[in-house]
There are 2 protein chains.
Amino acid sequence: MATPSRRRAAPVRARRSHAERTAETRAKVMAAVVASIASVGFQRTTAAEITRRAGVSWGAVQHHFGDKDGILDAVLADSFERFAQRLAGVELDGLDLDARVATFVDGAWEHFGSPHYRCTFEILLNHPGAEGDAWQGMLEAWNEVWTRFFPAPHLARREVVALQLYAISVLSGLATARALGGRPARLLDGPLALLCEALVQNLEA
Amino acid sequence: MATPSRRRAAPVRARRSHAERTAETRAKVMAAVVASIASVGFQRTTAAEITRRAGVSWGAVQHHFGDKDGILDAVLADSFERFAQRLAGVELDGLDLDARVATFVDGAWEHFGSPHYRCTFEILLNHPGAEGDAWQGMLEAWNEVWTRFFPAPHLARREVVALQLYAISVLSGLATARALGGRPARLLDGPLALLCEALVQNLEA
DNA sequence: GCATTTACAGAACGTTTGCAATGTAAATGT
DNA sequence: ACATTTACATTGCAAACGTTCTGTAAATGC
């Protein structure tokens, strides 16, 4: 006997529960979408390209997401989730404004600079369906995190909105600038420092 | 006789020279592309959609631009041209830094906020061909305008690049933020003022 | 164990895409 | 005036796209 073990000779494929299978396949597909959009853009992220990168058939995708819009929606939701999660767990007690701003910008850039935001961005830009709503949802998530970091009751709502929009613009713009021109990552430290500067100046009482 | 005039009764179509025809048709096609991308996005800007909006046949497009990439390249070039032109004619003598910054940001936003930049942006994002080169070209045009507005010999090259990238990011990010969420235009005045503030602070000797 | 449900594979289909090919009217040069 | 070139219209097509449909293996519940 080539395989001397008694019951299961060569467990080429381990037994997996339905829940495990579902979680793994969904994760593979969504990761494939993110990777594809990040590297070849939205337009060339076709159904065939997704199945190729994920290593699953279209049948699997259809089973878990329904159609292509279903995958895109799931990826959007996942991306927001990741962002909120990343900045929700940070401990802020005892940090002064400088430190808070630095922490905030750091964490936010981890998200905006990641393929996940690139992905979110292109989906929102091209996907006609959940256009307004999804972006609005992102702004709310952003606002929630922001108010936790910077309570700032001395500022008018109008000024806060302007500051938020400003910060989002810098981060989003920086991310797309890097995506368009293949520029070295260290060039981005300067602009990020400028953003911190601007935030500190406009947030302190 | 229903049309009593002597020679040409109803000149439904005036006689146009070849040069005029070419100029008009090219302009109509390029305007159609800009309008289409600005309103329905890159993906849904198909060949048929372009011909529909331009009111010309595909044969005409083919004749003047070759293929779809040809139109896109032409639109890119035209967009850069418009930007450079807009800021090149401004007289700067006798303006102090504040005024220069305000003028610069104003003019730059006229471009970044226009459908032409939205168009440039989406083409660069989705068009695989001239990706790096075209963006590099835009940066050069940007740099040329910038150095005319802000000679600033006291700053290190590194700092200047950071400031430039920062300004581009704010403007581009603001434009895309407006494109994604249909937000009121007046909300953008705040962030633009913040950009001016940041530029003045970092440019003065 | 066995029926049922769930997870996934793969081919087939109808539509849309960009583009080539061909034809025609208008303008130009001589 | 007429031949030639330029500007534009129309049709047809092959490839690619998203999706539907059918089939099969694996896991679950009884």
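Here the structure is a predicted model, which is why all the values come from computation and not from measurement. Sequence lines set the chain letters: A, B, ... in the order given, protein chains first and strands last, and positions in each chain run from 1.
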Worksheet item: Under a 4.0 Å N-O cut-off, is there an ion pair linking A/Glu122 with A/Arg118?
Response: yes
Practice prompt. Determine, for A/Glu24 against A/Lys28, whether the closest basic-nitrogen to carboxylate-oxygen distance falls under 4.0 angstrom.
Written response: no
Practice prompt. Taking the six-membered ring for Trp and the full ring for Phe, Tyr or His, determine whether the centres of B/Phe104 and B/Phe150 are under 6.0 Å apart.
Written response: yes
[atom1]-[atom2] distance between [X] and [Y], expressed to the nearest 0.5 angstrom:
X       : Y       : atom1 : atom2 : value
A/Ile50 : A/Met30 : CD1   : CE    : 11.5 Å
A/Arg44 : A/Ser39 : CZ    : OG    : 8.5 Å
A/Leu72 : A/Ile37 : CG    : CD1   : 6.0 Å

Item to complete: Check whether any side-chain heavy atom of A/Tyr166 lies under 4.5 Å from a side-chain heavy atom of A/Asn202, and answer yes or no.
Response: no
Discussion item. I want to check something: taking the side chain as every heavy atom from C-beta on, are A/Asp73 and A/His127 in contact at a cut-off of under 4.5 Å?
Written reply: yes
Which atom pairs, one a donor and one an acceptor, fall under 3.5 Å between side chains of residues 80-90 of chain A and the rest of the protein, sequence neighbours left out?
unit_1: A/Arg82; atom_1: NE; unit_2: A/Asp78; atom_2: OD2; d: 2.9
unit_1: A/Arg82; atom_1: NE; unit_2: A/His116; atom_2: NE2; d: 3.3
unit_1: A/Arg86; atom_1: NH1; unit_2: A/Glu110; atom_2: OE1; d: 2.7

Worksheet item: Quick one: which of B/Leu187, B/Leu195, B/Leu192 gives a side-chain contact (heavy atoms from CB on, under 4.5 Å) with B/Leu174?
Response: B/Leu192
State which residues pass side chain to side chain donor-acceptor pair (under 3.5 Å) with [X]; sequence neighbours excluded, sorted by chain then number.
X        : value
B/Asp106 : none
A/Asp69  : none
B/Glu159 : none
B/Ser36  : B/Thr45

Fill in: Residues that B/Glu144 engages under side chain to side chain contact (heavy atoms under 4.5 Å, CB included), provided they are two or more places apart
none
Kindly say if [X] contacts the phosphate of [N], meaning a side-chain N or O under 4.0 Å from OP1 or OP2.
X       : N     : value
B/Arg21 : D/dT6 : no
B/Thr25 : D/dC8 : yes
B/Thr22 : D/dA7 : yes

Whole angstrom is fine here: how far is it from [atom1] in [X] over to [atom2] in [N]?
X        : N      : atom1 : atom2 : answer
A/Lys28  : C/dC8  : NZ    : C1'   : 10 Å
B/Glu20  : D/dC8  : CD    : C1'   : 16 Å
B/His127 : C/dG18 : NE2   : C1'   : 14 Å

Item to complete: Check the angle between the aromatic planes of B/Phe121 and A/Phe121 and answer parallel, tilted or perpendicular using the 30° and 60° thresholds.
Response: perpendicular
Practice prompt. Look only at the side chain of A/Arg16 and the backbone of A/Arg21, and say whether a donor-acceptor pair between them is shorter than 3.5 Å.
Written response: no
Discussion item. Please check this pair: side chain of B/Thr22 against backbone of B/His18, looking for a donor-acceptor N/O pair closer than 3.5 Å.
Written reply: yes
Fill in: Close approaches to DNA chain C from residues 29-40 of chain B, in residue order (heavy atom, under 4.0 Å)
none
Using nucleotides 13-16 of chain D, report all nitrogen or oxygen pairs with the protein that are shorter than 3.5 Å.
none

Please list each protein N or O that sits under 3.5 Å from an N or O in nucleotides 1-3 of chain C, with the distance.
none

Identify all pairs in which a protein N or O lies below 3.5 Å from an N or O of nucleotides 28-30 of chain C, and state each distance.
unit_1: C/dT28; atom_1: OP1; unit_2: B/His18; atom_2: N; d: 3.4
unit_1: C/dT28; atom_1: OP2; unit_2: B/Arg15; atom_2: NH2; d: 3.4

Response to the item:
Each base of DNA chain D marked ( ) or [ ] if paired in-strand (Watson-Crick or G-U under 3.5 Å), | if paired to another strand and . if unpaired gives ||||||||||||||||||||||||||||||
Item to complete: Strictly below 4.0 Å, heavy-atom distances to any atom of DNA chain D: list the hits from residues 50-71 of chain A, or just say none.
Response: A/Trp58, A/Gln62, A/Asp67, A/Lys68
